[in-house]
2 protein chains.
Amino acid sequence: MSAREKILDTALKLFNDKGTAAVSTNHIAEAAGISPGNLYYHFRNKEEIIRELFQRLNTTWETYQPLPQDRAPIINDLEAVIKSNYQIIWQYRFAYRELVALLRQDAELRANFLAVRQRGYEGFHQLLHTFSDAGAIRLPDDPQIANELQEICWLISEFWLTSLEVNGRKVNEAEMQRGVNLIRRVIQPYLA
Amino acid sequence: MSAREKILDTALKLFNDKGTAAVSTNHIAEAAGISPGNLYYHFRNKEEIIRELFQRLNTTWETYQPLPQDRAPIINDLEAVIKSNYQIIWQYRFAYRELVALLRQDAELRANFLAVRQRGYEGFHQLLHTFSDAGAIRLPDDPQIANELQEICWLISEFWLTSLEVNGRKVNEAEMQRGVNLIRRVIQPYLA
DNA sequence: GTCTATATAATGATAGAC
DNA sequence: GTCTATCATTATATAGAC
């Protein structure tokens, strides 16, 4: 593995473990088994490492094909999508825990992340309508209500894992399933 | 105002503006118009300042009387409660943005905060049943479902403002009302 | 209680040898 | 590309005068 990759992998692990503030470039270099000077050969500073990790995250979201293409989607597919979302968020949990701070201190990072996120939100909108067209759910006729339901589901997706952590709960398969259940509960009254 | 109060007020403002990581004890002292040495006379370190701010927040939650005592509650009272919650969270927004990190690095702070939060959650449970008894809402018979609904409402309460900030939206009365509407949307199918 | 001065350590970042 | 050595800057924390 290249030094650059080692730095990024190590930084992700440390950020997830201790938060970006508590991790210095020296810590990253030491944990990656390289010298501080070498780290600065590959990255200008910590901000650039964070930016690159966000870039990885963005790529993950962008290349992510949530639904099976060979058949009409059923309601269980929605659960699978949400679970995949949780997995990705957990992989980059430092980003979601510190989102407000990280986005504020770096305009470029904010622009890129929000653009990808916006596409994701639109994709989720499409997804719900795909399920609706396939007869798996019955979206309310009032688009305002449908939008509110989507917004609630999105918020749960994005913050459920953080909420678990605040509660001091282990994040595991079972707890992720509980997060899926909550979203199901929101749309339950609108199931076909 | 005493130096101690000045330090706490200034720290809260700076933490809310820039995040705890970007604010040093020197910054706080300078903005408060006192010397660094004086700050260390009143507080052992930044952690203790954060701890004291959390103590204030805890006191705010504990002394908080959400419902009018002189009459049976109506559904609009629930909206008022949620709005008050948003106001308090916004006042201490640094805490909610960085909750996972802050709770992890200070066991005493975590214990106190979680105890107060747990009582708040139980109070919210009570509240819903008060509304149910007063006929303002009709809670589902299945307690599991009722608990899930409560959990969803709680999550929206706690993370709606952060979600707004991630979206780059101004946090104002209208947006808080939207957050109230989302919670209303969750319980809408269970209204009397 | 409050200040100035200062010690100690950590962090971010660069220069130059290999 | 990678290292060692180094440095300027900042942050934390304390001592001692007033």
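Note that the structure is a prediction, hence the values are computed from the model and not measured. Hydrogens, waters and symmetry mates are skipped; everything else that's a heavy atom, side chains included, is used.
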With no hydrogens and no angle check, do the side chains of [X] and [Y] hold a donor and an acceptor under 3.5 Å apart?
{"X": "B:Tyr64", "Y": "B:Asn85", "value": "yes"}
{"X": "B:His27", "Y": "B:Ser24", "value": "yes"}
{"X": "A:Glu122", "Y": "A:Gln126", "value": "no"}

Separation of atom [atom1] in [X] from atom [atom2] in [N], rounded to whole Å:
{"X": "A:Asn45", "N": "D:dT10", "atom1": "CG", "atom2": "P", "result": "15 Å"}
{"X": "A:Arg44", "N": "C:dT14", "atom1": "CZ", "atom2": "P", "result": "9 Å"}
{"X": "A:Glu47", "N": "C:dA13", "atom1": "CD", "atom2": "C1'", "result": "14 Å"}
{"X": "A:Ile28", "N": "C:dT11", "atom1": "CD1", "atom2": "C1'", "result": "12 Å"}
{"X": "B:Lys46", "N": "D:dA13", "atom1": "NZ", "atom2": "C1'", "result": "14 Å"}
{"X": "B:Ile49", "N": "D:dA13", "atom1": "CD1", "atom2": "P", "result": "10 Å"}

I'd like to check the ring pair (Phe, Tyr, Trp, His ring centres under 6.0 Å) partners of B:Tyr41; sequence neighbours left out, ordered by chain and number.
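Partners of B:Tyr41 under the ring pair (Phe, Tyr, Trp, His ring centres under 6.0 Å) test: none.
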Answer yes or no: is there an ion pair linking A:Glu148 with B:Arg178, defined by an N-O contact shorter than 4.0 Å?
no
Just say parallel, tilted or perpendicular for the rings of A:Phe94 and A:Phe54, cut-offs at 30° and 60°.
perpendicular
Where B:Tyr190 and B:Pro140 come nearest, the two heavy atoms and their spacing:
CD2-CD, 3.9 Å
Can you tell me if B:Tyr40 touches the phosphate of D:dT14, counting only side-chain N or O atoms and a distance under 4.0 Å to OP1 or OP2?
no
Over all strands shown, is B:Asn26 touching base, sugar-phosphate only, or nothing at heavy-atom distances under 4.0 angstrom?
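Touches a base.
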For DNA chain D, find the residues of residues 16-24 of chain B with a heavy-atom distance under 4.0 Å and give them by number; none if there aren't any.
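Of all residues in residues 16-24 of chain B, the ones placing a heavy atom under 4.0 Å from DNA chain D are B:Ser24.
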May I ask you to test the A:Arg56-A:Leu8 pair for a side-chain heavy-atom distance under 4.5 Å?
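A side-chain contact exists here, since the closest heavy-atom pair is under 4.5 Å.
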Interface polar pairs with nucleotides 2-4 of chain D, N/O, under 3.5 angstrom:
{"from": "D:dT2", "atom 1": "OP2", "to": "A:His42", "atom 2": "NE2", "distance (Å)": "2.9"}
{"from": "D:dT2", "atom 1": "O5'", "to": "A:Asn38", "atom 2": "ND2", "distance (Å)": "3.1"}
{"from": "D:dC3", "atom 1": "OP2", "to": "A:Ser35", "atom 2": "N", "distance (Å)": "2.9"}
{"from": "D:dC3", "atom 1": "OP2", "to": "A:Ser35", "atom 2": "OG", "distance (Å)": "3.0"}
{"from": "D:dC3", "atom 1": "OP2", "to": "A:Asn38", "atom 2": "ND2", "distance (Å)": "3.2"}

Applying side-chain contact (heavy atoms from CB on, under 4.5 Å), run through A:Val171 and A:Tyr86 and close with a yes or a no.
CA-CA 10 Å; A:Val171 174; A:Tyr86 285 147; over 6 Å; no
